[in-house]
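Reviewing the structure listed below.
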There are 2 protein chains.
Amino acid sequence: MDRRQRKTRNAIFQAFSSLLEEKRYSSITVQDIIDAADVGRSTFYAHFSTKEELLRAMCDDIFEHVFSDEVMREPEHDFSSADSFRDRITHILCHLQEKQHHIKGIFAGECGEIFMKYLREYLWGVFDQRLPEDGEIPRDYRLNHVVSAFAETVRWWFGGRGEYTPEQISALFFASVDC
Amino acid sequence: MDRRQRKTRNAIFQAFSSLLEEKRYSSITVQDIIDAADVGRSTFYAHFSTKEELLRAMCDDIFEHVFSDEVMREPEHDFSSADSFRDRITHILCHLQEKQHHIKGIFAGECGEIFMKYLREYLWGVFDQRLPEDGEIPRDYRLNHVVSAFAETVRWWFGGRGEYTPEQISALFFASVDC
DNA sequence: TCTGATACAGGACACACTGTTCGTTACAAT
DNA sequence: ATTGTAACGAACAGTGTGTCCTGTATCAGA
């Protein structure tokens, strides 16, 4: 990727992120973004065809970081050996925390729902391969339940003032859901 | 309320509801609504100051029906004597089902998040007075968890093809959450 | 170091939607 | 019957959108 492209892309991300902290998503205009990022109008549209796509790209950026297998095996977290599911969840929470600045902006800007939607998509894959069998209740329902519970736990976490560590959040989650 | 007002209000609700089934919420314009409802532009703005407010009003309409105490004591449901919490939940589900046409439109139109948000506000009150004490986990978190679980259960239910009765949904919910 | 390619700036454009205004008409309530 | 008020409909300025253009700066590869 061209250095110039990366630069403007980051400038736009940064500007958008700042704007989200001060006004609602729906009241942010493309004009606001390009003013804050100090890029030309046509430049913006060369990168993103719409404001929604920009948000989508920002979310993808975050999730790529959080869920990428590379990151999952970073030595400093040393979860590489421990393959317990609980550790993996804590791991995800750690990486979400690293991106907390962007995420808090997204939630504050009232486009948290979109973030939640994408988060759920990723989580679906994580929990799908893990959820134990259980006749009674439709698997579909249970998976939805667990994914929702985790996503809402994350939202609740970021709604607070950072009183909890990833480990504590993980504990809360597993105390409420059995999987 | 003036008969004329009710008429136009209903016309607008009806038009909006239909539109939601065929296009995304964000791509529906006020112009679309007044064309479909066949009312003047100024008439629309006399009723609702914005598209969001219209949605809000529609949701309130639904929740007023679902959560009103009058409705809660309708004799045909004969939950009036049974004060078990579980019955109350089933009751709520019944009334949601009665409004399923509007609700499905809202979910389909991709403004389900707003509906969910309002639903959660109402549910908060319902579960708040019911949730048993339990030291370990912050009450805040547990309440959020239960409310989310129920709201997501509802979304899951409406996402299906009506395969389940309110009683079955209630059973699924209480099998997944302890309260 | 040169050169072709490409990303950007900046301005201009038609277009769509918004939210308000106002004089007129039709209907409700009493 | 009269009085208030809701709806009509047409027009309006204002705002944001998405696209196109020309000229300039920067990049990557030979």
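Keep in mind that what you see is a predicted model, and the values were worked out from it rather than measured.
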- Note on the structure: residues 103-126 of chain A vs ring-ring contact (aromatic ring centres under 6.0 Å, His included), sequence neighbours excluded, gives A:F63-A:F115, A:F63-A:Y122, A:F67-A:Y122, A:F107-A:F115
- A:N10 atom CG is separated from C:dA7 atom P, nearest whole Å, by 16 Å
- Item | Polar side-chain atom of A:R139 near backbone of A:L131 as donor-acceptor pair, under 3.5 Å | yes
- Message: I need the single residue from B:R41, B:K23, B:R24, B:K51 that forms a salt bridge (Lys or Arg N to Asp or Glu O under 4.0 Å) with B:D32. Which is it?
- Response: B:K23
- Message: My understanding is that only residues two or more places apart in sequence, or in another chain, count here; which of them pass ring-ring contact (aromatic ring centres under 6.0 Å, His included) with B:W156?
- Response: A:Y141, B:Y164
- Scan residues 12-30 of chain B against DNA chain C and write down, sorted by residue number, each residue with any heavy atom closer than 4.0 Å; if none is found, say none. B:T29, B:V30
- Message: Could you measure the distance from the CZ atom of B:F85 to the CG atom of B:D87? Nearest 0.5 Å is fine.
- Response: 11.0 Å
- Note on the structure: What residues 31-49 of chain A contributes to the DNA chain C interface at heavy-atom separation below 4.0 Å is A:D38, A:V39, A:G40, A:R41, A:S42, A:T43, A:H47
- Message: Rounded at 0.5 Å granularity, tell me how far CE in A:M58 sits from NZ in A:K99.
- Response: 9.0 Å
- Query: For B:R155, which residues count as a salt bridge (Lys or Arg N to Asp or Glu O under 4.0 Å) partner, sequence neighbours excluded?
  - Reply: B:E113, B:E152
- Using 4.0 Å as the upper bound for N to carboxylate O, is an ion pair formed by A:R142 and A:D178? no
- Message: Taking the six-membered ring for Trp, are A:F44 and A:F16 closer than 6.0 Å centroid to centroid?
- Response: no
Show the distances under 3.5 angstrom between N or O atoms of the protein and N or O atoms of nucleotides 26-30 of chain C.
residue: C:dC27; atom: O2; partner: B:R4; partner atom: NH1; Å: 3.1
residue: C:dA29; atom: OP2; partner: B:R3; partner atom: NH2; Å: 3.4

- Query: So does B:D60 pair up with B:R56, basic N to acidic O under 4.0 Å?
  - Reply: yes
